[in-house]
Amino acid sequence: MILFSRASDISNYLKIKSENGNSIGFVPTMGALHSGHLSLLEASKKVQSLSVVSIFVNPTQFNEKADFERYPVSIEKDIELLEQAGCDVLFLPSVTEMYPNGTHNLPHYALGNLEDILEGYYRPGHFQGVCQVMHRLLDIIEPDTLIMGRKDYQQCLVIQNLLTQFGWKTSLTIAPTLREISGLAMSSRNRLLGEAELEKATAIYQTLQFLKNNLQPGKTDMLLAESISFLQETGFNKIDYVSIADAKTLAPVTLWDGKGKTVALVAAFINGIRLIDNLPLQE
Ligand code: AMP
């Protein structure tokens, strides 16, 4: 695995590789890697001749300073995992390498409704930060395929929107969510939880399954209210949202017609740690 920390170096290297007929798959991450991240790399390796992973904890996408400061970091271990998994290229830039002119005058992106609902609503500025970092990374890496996790479903919709808006040639592959045996979605933030909290956190997946098993044509409000009570009883002391939403737009589905594709999404805090997850409600 070749490691780059300078944008111009990796960019030049990949341009030559590309000119020599290599196809490039790219997996952006914030590190503290787990099997979910590695499954994205695996998906890239299956299709592309060269797979690039980046590790960069992007300050501009954290709407809360405390969340940024306690974000888990394990670079040595990450490098070892990527080596073992057969990653070809790792990009490990500094903040100044990513934002040479600082973080104050970065572009603003038109994201429509996606910025006003769910994650967009509860984490103001978050998706602007995600677009800022992805814009820069896409300019540097110029991948054929970008592989992202369904775990961050709204983020996938935002990035697809960005790719379309800017006419990038990169195509987006959305990979399935990897879960612990308990059903808990793998997440770097799980490292911040103790054993008892990890067990309680499985209530999120149980909630998503409950919604999947019980959604019937008609009003959805009772199901959502039951879900919120269940999460509260389990120990989630703050719940940002439990939503049944249109799978394409994420607009809330208050009255399901029995046909439209929907997705259930949850964001809730356990002991101050915010966890998110989602599940498609139809096959
Ligand atoms: P992060 O490091 O949290 O920014 O995540 C980097 C990428 O890994 C994103 O595309 C995430 O959606 C994806 N990812 C995170 N958790 C999982 C998971 N449990 N299964 C599959 N992909 C994941």
Side-chain angles (χ1 to χ4, degrees), residues 25-46 48 51-64 67-68 70-75 77-79 81-82 85 87 90-93 95 98 114 118-120 123 126-138 141 143 145-163 170-193 198 201-202 204-205 208 250 263 265-267 273-280:
F26 176 44
V27 179
T29 81
M30 296 204 296
L33 300 181
H34 50 69
S35 306
H37 295 116
L38 298 179
S39 73
L40 306 186
L41 172 60
E42 212 39 55
S44 169
K45 280 165 62 71
K46 268 195 194 132
Q48 310 298 341
S51 294
V52 181
V53 171
S54 66
I55 297 179
F56 178 62
V57 186
N58 174 34
T60 74
Q61 72 186 69
F62 284 82
N63 52 315
E64 280 188 13
D67 188 25
F68 175 60
R70 75 177 161 215
Y71 198 83
V73 175
S74 55
I75 290 297
K77 180 80 189 149
D78 290 351
I79 292 176
L81 285 172
L82 291 172
C87 174
L90 170 60
F91 184 39
L92 204 57
V95 174
M98 285 297 285
L114 282 175
L118 304 172
E119 290 301 283
R123 300 189 67 188
H126 169 64
F127 286 129
Q128 289 300 320
V130 168
C131 288
Q132 286 154 358
V133 75
M134 284 308 301
H135 191 159
R136 175 85 172 119
L137 286 169
L138 288 168
I141 311 285
T145 306
L146 177 64
I147 303 99
M148 301 187 84
R150 196 199 153 95
K151 156 86 168 41
D152 298 280
Y153 186 66
Q154 191 169 1
Q155 172 171 272
C156 291
L157 297 183
V158 164
I159 296 303
Q160 185 54 68
N161 183 324
L162 187 75
L163 291 171
T170 303
S171 68
L172 176 66
T173 297
I174 301 177
T177 303
L178 240 73
R179 300 181 178 282
E180 306 289 354
I181 295 168
S182 65
L184 176 67
M186 290 182 184
S187 164
S188 304
R189 284 190 172 85
N190 293 352
R191 290 190 193 185
L192 303 172
L193 300 174
L198 283 171
T202 60
I204 292 188
Y205 186 60
L208 295 171
L250 291 187
V263 57
L265 306 103
V266 173
I273 306 301
R274 189 173 186 275
L275 301 177
I276 63 169
D277 199 357
N278 68 85
L279 195 70

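One-based numbering, in listed order, for ligands and for the atoms of each. Quick note: numbers below take in every heavy atom, side chains included, and nothing from hydrogens, waters or symmetry partners.
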Nearest neighbour in protein (non-hydrogen) for [atom]:
| atom | value |
| --- | --- |
| atom 10 (O) of ligand 1 | Gly149 N, 2.9 Å |
| atom 11 (C) of ligand 1 | Asp152 OD2, 3.1 Å |
| atom 4 (O) of ligand 1 | Met30 CG, 3.6 Å |
| atom 5 (O) of ligand 1 | His37 NE2, 3.4 Å |
| atom 23 (C) of ligand 1 | Lys151 CB, 4.1 Å |
| atom 20 (N) of ligand 1 | Leu178 N, 2.8 Å |

| message | Check contact between Phe56 and ligand 1, using heavy atoms of the residue and a distance below 4.0 angstrom. | response |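 Flag not set, Phe56 not near ligand 1.
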| message | I'd like to know if Pro176 contacts ligand 1, where contact means a heavy-atom distance under 4.0 Å to any ligand atom. | response |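 A heavy atom of Pro176 does come that close to ligand 1.
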If we set the cut-off at 4.0 Å for heavy atoms, which region of [X] has an atom near ligand 1: side chain, backbone, both, or neither?
| X | value |
| --- | --- |
| Tyr71 | side chain |
| Pro28 | backbone |
| Leu40 | side chain |
| Arg150 | neither |

| task | With Leu172 as reference, evaluate Ile147, Thr145, Leu146, Leu157 under the side-chain contact (heavy atoms from CB on, under 4.5 Å) test and give the passing residue. | result |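 For Leu172, the side-chain contact (heavy atoms from CB on, under 4.5 Å) check succeeds only for Leu146.
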| CE of Met98 to OG of Ser54: how many Å apart, nearest 0.5 Å? |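 One finds 7.0 Å between CE of Met98 and OG of Ser54.
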| task | Walk me through it: do Ser182 and Thr202 pass the test side chain to side chain donor-acceptor pair (under 3.5 Å)? | result | CA-CA 6 Å; Ser182 65; Thr202 60; 5.5 Å; no
| field | Minimum-distance pair of heavy atoms, taken over all atoms of Ala185 and Asp277 | value |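 Closest heavy-atom pair between Ala185 and Asp277: CB-OD2, 3.6 Å.
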